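What you see is a predicted model; the values in this text were computed from it and never measured.
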Amino acid sequence: MGIATAGVDLRARSGGPTRADVVIVGAGPYGLAAAAHLKAAGLKTRVFGETMASWQHHMPAGMLLRSRPRASYLADPAHELGLDRYEAELGLEHADPVPLERFVAYGHWFQERAVPDLDRRRVVRIDADGGAFTVELDDGEELRAGRAVVAAGILPFARRPSLFEDLPRELVSHAADHSDLGVFRGRRVVVVGAGQSALESAALLAENGAEPEVLARRDDIRWLAEGGDVNAGSLRYYAYRRTALGGPRSSWLIAWPALWRRLPFDRRERLAYRAIGPAGAGWLRPRLTQVPITTSESILAASEHGGRVRLHLAGGAVREADHVLLATGYEVDITRYDFLAPSLLHAVRRHGGFPILGPGFESSLPGLHFVGATSTHSLGPVMRFVCGTWAAARGLTRGIVGRGVPRAGFSW
């Protein structure tokens, strides 16, 4: 506490009693980090959602985080709730890479300490109302807030190529649909994609008794450097060590959202591709030695044939499989958030599906903020990763509260 809140615009007070200064939708890394900072700034903040829901229910058991441990700390204003503190408190041996199960448990530990009053009800509608926001919950309760922060994650944005749209889910699914790849034991599965999700899914499928093949359009698979501190004593590599994004020089730009916004658009596009383009962690390679990986190939058509999937490839070959697993990533489009009222969405300026954001992660609709992957276009690719919670939480809080809050600076 102790931070002045004179810069907060509590417009809801003019239209009736204010139930909250800020409402946050989502209790994943970005929602929890934002809540921790806003609460420390003295704001009455209500947070809605299930803790780490997407990580817990939509990522496969046995997964390891691509981000290194130092890039996997959730942001808290006092720097007291890092992953290392969690491991020390529970007497756990340091793990690199970080197992999914440990990261989810760490998220729950963080929430219990930083956001103990989390409300697990679901927000079903947010609408602008007289300079404030009306928030409807799944049990019918409504409340008003001066500001609303959308930290609802990427699950609604799963990219599913149209050529598979007529096939049933029993034959084609997205990687986000599964938390247990053991259900494919004994089945032949074609995994579509060339990134971490595709490659790790293939490894897990093989280790769970399935017969996977990776099918990628790229000419080759790009492998990232394995763990460990790169040039540990060098300041030049400091940003890279903390984020593991880009390269030694570009990582400084990627890790500093305020600077990223000032770069020419074409340069941002190139840097973003380097940071979030398809790639696999180097530690996956030994686990894929027995998994066929076909590159430079694309799918022209997909159909059901005798209870299986038949794929016609651009090179003329045909593949048949029991299932196709789409590790085809995510395509941000905030209109897919079904809780945002159409009239509210109409007031938000967008670039493609991304909201265009100004200082404080604020959209063109005053008081409506977006953090996480939805802020990538405006603030850079670091917002797709946990290490971006530092810049997002501080930038959001400073934008709402004003002076008295440290500048966003870097993403740590």
Side-chain angles (χ1 to χ4, degrees), residues 1-51 53 76-77 110-153 334 337-348 355 357 360-372 374 392-402 404-405:
M1 308 303 176
I3 296 176
T5 59
V8 182
D9 181 7
L10 300 180
R11 289 161 294 178
R13 287 180 177 166
S14 64
T18 300
R19 296 288 299 276
D21 298 333
V22 185
V23 160
I24 298 176
V25 183
Y30 278 85
L32 294 176
H37 281 72
L38 291 170
K39 285 175 174 291
L43 299 184
K44 184 178 181 181
T45 304
R46 299 284 300 275
V47 191
F48 296 94
E50 181 185 350
T51 306
D76 74 283
F110 182 99
Q111 176 262 307
E112 290 166 1
R113 285 152 182 77
V115 195
D117 56 350
L118 173 70
D119 193 321
R120 289 171 175 78
R121 289 178 292 176
R122 186 170 60 90
V123 172
V124 297
R125 178 60 62 102
I126 297 179
D127 205 351
D129 181 19
F133 296 91
T134 300
V135 181
E136 181 183 349
L137 304 175
D138 57 5
D139 62 357
E141 182 184 348
E142 289 189 357
L143 59 96
R144 286 171 65 81
R147 293 178 183 268
V149 178
V150 178
I334 62 170
Y337 282 143
D338 58 7
F339 58 86
L340 295 178
S343 58
L344 182 150
L345 285 167
H346 183 72
V348 177
L357 305 177
F361 292 73
E362 190 169 23
S363 71
S364 55
L365 177 61
L368 180 63
H369 306 254
F370 291 83
V371 294
T374 53
R394 289 197 296 252
L396 171 72
T397 305
R398 185 177 178 87
I400 294 176
V401 174
V405 175

May I ask you to test the [X]-[Y] pair for a side-chain heavy-atom distance under 4.5 Å?
X: Leu345; Y: Tyr337; value: no
X: Thr51; Y: Phe110; value: no
X: Val149; Y: Phe361; value: no

Which heavy-atom pair separates [X] from [Y] by the least distance, and what is that distance?
X: Ala36; Y: Pro77; answer: O-CG, 3.8 Å
X: Pro355; Y: Val348; answer: CB-CG1, 3.9 Å
X: Gly360; Y: Leu396; answer: O-CD1, 3.6 Å
X: Phe133; Y: Pro366; answer: CZ-O, 3.5 Å

Hey, are Arg46 and Asp21 close enough for a salt bridge, meaning a charged N less than 4.0 Å from a carboxylate O?
->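 Looking at Asp21 together with Arg46, the answer is no, because their closest N to O distance does not fall below 4.0 Å.
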Would you tell me whether His369 and Arg147 have side-chain atoms, one donor and one acceptor, within less than 3.5 Å of each other?
->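 A donor-acceptor contact under 3.5 Å links the two side chains.
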Which is it for Leu340 and Val150 under the side chain to side chain contact (heavy atoms under 4.5 Å, CB included) test, yes or no, and what are the steps along the way?
-> CA-CA 9 Å; Leu340 295 178; Val150 178; 4.2 Å; yes
Only counting residues at least two apart or in another chain, list the ones meeting side-chain hydrogen bond (donor to acceptor under 3.5 Å, both in side chains) with Arg113.
->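 Partners of Arg113 by the side-chain hydrogen bond (donor to acceptor under 3.5 Å, both in side chains) criterion, ordered by chain and then number, come out as Glu89.
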For Glu136, all residues meeting side-chain hydrogen bond (donor to acceptor under 3.5 Å, both in side chains), sequence neighbours excluded =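 Partners of Glu136 under the side-chain hydrogen bond (donor to acceptor under 3.5 Å, both in side chains) test: none.
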Give the table of side-chain donor-acceptor pairs shorter than 3.5 Å for residues 25-33, with sequence neighbours excluded, one pair per line with atom names and distance.
residue, atom, partner, partner atom, Å
Tyr30, OH, Val382, O, 3.4
Tyr30, OH, Met383, O, 3.1
Tyr30, OH, Phe385, O, 2.7

For Glu141, check side chain to side chain contact (heavy atoms under 4.5 Å, CB included) against everything at least two apart and list the hits.
->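 Only Arg19, Arg121, Leu137, Asp139 meet the side chain to side chain contact (heavy atoms under 4.5 Å, CB included) criterion with Glu141.
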Among all residues two or more places apart in sequence or in another chain, which pass the ring-ring contact (aromatic ring centres under 6.0 Å, His included) test with Phe48?
->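 Partners of Phe48 by the ring-ring contact (aromatic ring centres under 6.0 Å, His included) criterion come out as none, since no residue qualifies.
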Gap between atom [atom2] of [Y] and atom [atom1] of [X] - 0.5 Å precision:
X: Arg122; Y: Phe339; atom1: CZ; atom2: CZ; answer: 10.0 Å
X: Leu143; Y: Asp119; atom1: CG; atom2: CG; answer: 9.0 Å
X: Gln111; Y: Glu50; atom1: CD; atom2: CD; answer: 10.5 Å

Is there a donor-acceptor pair under 3.5 Å between the side chain of Ser363 and the backbone N or O of Leu368?
->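 Present.
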Side-chain (Thr397) to main-chain (Ala393) donor-acceptor, under 3.5 angstrom =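 Judged by distance alone, yes, a pair lies under 3.5 Å.
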Side chains of residues 123-130: which donor-acceptor pairs under 3.5 Å do they make with residues two or more places apart or in other chains?
residue, atom, partner, partner atom, Å
Asp127, OD1, Ser343, OG, 3.1
Asp129, OD2, Thr134, OG1, 3.1
Asp129, OD2, Arg144, NH1, 2.8

